[in-house]
Peer 1: 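So that we are looking at the same thing, I have put the structure below in structure tokens.
Order of the sequence lines sets the chain letters (A, B, ...), proteins ahead of strands, with each chain counted from 1.
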Protein chains: 2
Amino acid sequence: MNLKNQVEWALHCCSVMASLPEGRYLSTRSLSEFHGVPKEYLGKALQGLSKAGLVHTTLGPSGGYRLARPAQAITFLEVVEAVEGRKSTFQCSEIRANNPCRPKSLCDDKPCAVARIMWRADEAWRQTLAAVTLADLQETLQEDVPADLLKRSFDWLMERAG
Amino acid sequence: MNLKNQVEWALHCCSVMASLPEGRYLSTRSLSEFHGVPKEYLGKALQGLSKAGLVHTTLGPSGGYRLARPAQAITFLEVVEAVEGRKSTFQCSEIRANNPCRPKSLCDDKPCAVARIMWRADEAWRQTLAAVTLADLQETLQEDVPADLLKRSFDWLMERAG
DNA sequence: TCAATCTAGGATATCGAATGTCCATGATTG
DNA sequence: CAATCATGGACATTCGATATCCTAGATTGA
């Protein structure tokens, strides 16, 4: 029951983009170097963000990615689902249909009771992530990360931003 | 991000065992035939329940499994974790350590902010499952499943219970 | 006592998804 | 016009999920 590591990468990339000045872009190359992850594979995750409409892209030199919306208008859930997809952790295989006592004709009006409970848990998970925005993350990072490291990171990124 | 299908099987097996009269046992063979799943592989899941102390076992003919505790004292979370393990959906790879601006000497006092948020969602998922017991499931099934099917299923199992 | 049946658990095979690489294409920039 | 970019398809690799098979030791019932 693991999320792809691309989810982690995408969240950190969004975090970086959230502090990017208006109108600037960060390329896959820069983002991959900053996070120490493979460029080609990170690209797939970023394309997921792009298809979900969370980021805006431009081509050519000085091209790359930026957030399509303000940081407070993008939730963790959106980023996670853009990369991971929307399927729930629990897959119901309709095991109840295998019951040897069950008449073929019987038709279920509700999903399996076990599945309903498991899906409720998934929903709680999603609600939690839907309640946190990239702006909230930025705020937390301001407290967590030493100011000079934030500054140096920002400068490093600005040197490479298109 | 999937749970193993063994989790589904284990939950349905526990549901069946919850209606088992005191002192009776159900073998892997019976449980696998009732649910239409492979016996050997289901056995691994049941062994997981056994190691977690959720079920009691006996050997020999007429042997098998029964719940080690009353149904209202066993939660969904316990069953899920017995089979799936306890690791969270989000694995933090400490990506922040790859930041090229980061001094080697810097030591983090907290887990990564991204991980903390993701783990909060996992915690909400777990809390939801911890709040539901096998007795709750039984109650729901009484409403969902036609009475005659419940009766026939019970009789089918009793014929095979040790 | 003995044969049958059970759980426990190790060894191994298969399959699909996660992970990662490579390349072609078309757009954009300077 | 050359360099750089995102996009996306094809492909290779790795790893866990999904099984299957077999042995060992315990228990039951005849």
Side-chain angles (χ1 to χ4, degrees), chain A residues 1-10 13 17 23-33 35-66 68 80 82-85 87 89-91 93 95 160-162, chain B residues 1-10 13 17 23-33 35-66 68 80 82-85 87 89-91 93 95 160-162:
Chain A
M1 189 178 83
N2 291 351
L3 294 170
K4 306 179 200 177
N5 56 13
Q6 285 176 319
V7 169
E8 181 184 16
W9 302 353
C13 285
M17 285 188 279
R24 308 289 297 275
Y25 290 82
L26 284 170
S27 67
T28 306
R29 165 180 301 279
S30 303
L31 288 166
S32 74
E33 287 176 3
H35 292 115
V37 301
K39 167 173 156 337
E40 306 281 356
Y41 194 34
L42 175 63
K44 306 293 186 185
L46 296 173
Q47 286 168 34
L49 298 180
S50 178
K51 277 200 286 190
L54 299 179
V55 297
H56 183 253
T57 76
T58 56
L59 295 178
S62 84
Y65 299 87
R66 65 168 171 80
V80 169
V83 176
E84 182 72 28
K87 65 183 185 322
T89 64
F90 184 85
Q91 302 284 89
S93 67
I95 221 180
R160 288 156 181 86
Chain B
M1 189 178 83
N2 291 349
L3 294 170
K4 307 179 200 176
N5 57 12
Q6 286 176 317
V7 170
E8 181 186 14
W9 302 352
C13 286
M17 285 189 278
R24 308 290 296 273
Y25 290 82
L26 284 171
S27 68
T28 307
R29 167 180 300 279
S30 303
L31 288 167
S32 74
E33 287 176 2
H35 291 115
V37 300
K39 168 173 157 335
E40 306 281 356
Y41 194 35
L42 174 63
K44 306 292 185 186
L46 295 173
Q47 286 169 32
L49 298 180
S50 178
K51 276 201 286 190
L54 299 180
V55 297
H56 182 253
T57 76
T58 56
L59 296 177
S62 84
Y65 300 87
R66 65 169 171 79
V80 169
V83 175
E84 183 71 29
K87 66 183 184 325
T89 65
F90 184 85
Q91 302 284 91
S93 68
I95 221 180
R160 290 157 179 84

Peer 1: Looking at C/dA8, I'd like to know if its phosphate oxygens (OP1 or OP2) sit under 4.0 Å from a side-chain N or O belonging to B/T57.
Peer 2: yes
Peer 1: C/dT5, OP1 or OP2 - any side-chain N/O from B/R29 closer than 4.0 Å?
Peer 2: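 So the side-chain polar atoms of B/R29 never come under 4.0 Å of the phosphate oxygens OP1 or OP2 of C/dT5.
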Peer 1: Should the ring pair B/Y25 and B/H56 be called parallel, tilted or perpendicular, given that the plane angle runs from 0 to 90° and is split at 30 and 60?
Peer 2: tilted
Peer 1: Treating primed atoms plus P, OP1 and OP2 as sugar-phosphate and everything else as base, which nucleotides of nucleotides 14-22 of chain C get B, S or - for protein heavy atoms under 4.0 Å?
Peer 2: ----SBBBB
Peer 1: Using every non-hydrogen atom in the two residues, find where A/E84 and B/M1 come nearest and quote the distance to one decimal.
Peer 2: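 Result for this residue pair: OE2-N, 3.2 Å.
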Peer 1: Excluding sequence neighbours, so at least two apart, what forms side-chain contact (heavy atoms from CB on, under 4.5 Å) with A/S62?
Peer 2: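 If we apply the side-chain contact (heavy atoms from CB on, under 4.5 Å) test to A/S62, skipping adjacent residues, there are no hits.
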Peer 1: Find the distance between CG (A/L46) and CD (A/Q6) and round it off to the nearest 0.5 Å.
Peer 2: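 Here the interatomic distance stands at 9.0 Å.
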Peer 1: Looking only at non-hydrogen atoms, find the nearest pair between A/A10 and A/V83 and report the distance.
Peer 2: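 Where A/A10 meets A/V83 most closely, the heavy atoms are CB-CG2, 3.6 Å.
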Peer 1: Distances for protein N/O vs nucleotides 25-30 of chain C N/O pairs under 3.5 angstrom?
Peer 2:
none

Peer 1: Distance check, rounded to the nearest 0.5 Å: A/L26 atom CG versus A/Y65 atom OH?
Peer 2: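 It is 11.5 Å, given to the nearest 0.5 Å.
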Peer 1: If I take atom SG from residue B/C13 and atom CD from residue B/E8, how far apart are they, to the nearest 0.5 angstrom?
Peer 2: 10.5 Å
Peer 1: Looking only at side-chain N and O atoms, does B/Y25 come under 4.0 Å of OP1 or OP2 in C/dT5?
Peer 2: no
Peer 1: Side chain of A/R160, backbone of A/S30: donor and acceptor closer than 3.5 Å?
Peer 2: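 No; zero donor-acceptor contacts below 3.5 Å.
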Peer 1: Chain B on DNA chain D: first and last contacting nucleotide, 5' to 3', under 4.0 Å to a heavy atom?
Peer 2: D/dA17 to D/dT28
Peer 1: Mind checking the CG-CZ spacing from A/L54 to A/R66? Nearest 0.5 Å is all I need.
Peer 2: 13.0 Å
Peer 1: Quick one, which residues of residues 45-55 of chain B touch DNA chain D with a heavy atom under 4.0 Å?
Peer 2: none
Peer 1: Look up atom OG in A/S27 and atom CD in A/E33, then write down how far apart they are to the nearest 0.5 Å.
Peer 2: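 Answer for the OG-CD pair, A/S27 versus A/E33, is 7.5 Å.
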Peer 1: Within the structure shown, what part of the strands sits under 4.0 Å from A/G64 by heavy-atom distance: base, sugar-phosphate, or nothing?
Peer 2: sugar-phosphate
Peer 1: Do you know which two heavy atoms are closest between B/G53 and B/A68, and how far apart they sit?
Peer 2: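 Distance-wise, the nearest heavy atoms are O-CB, 3.5 Å.
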Peer 1: Tell me if the CZ atom of A/R29 is crowded by more than 12 foreign heavy atoms within 6.0 Å.
Peer 2: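 No, CZ of A/R29 has 12 or fewer neighbouring heavy atoms, counting only those of other groups under 6.0 Å.
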Peer 1: Test of understanding: with side-chain contact (heavy atoms from CB on, under 4.5 Å), list the residues that count as partners of A/P61, not counting sequence neighbours.
Peer 2: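 A/P61: no side-chain contact (heavy atoms from CB on, under 4.5 Å) contacts found.
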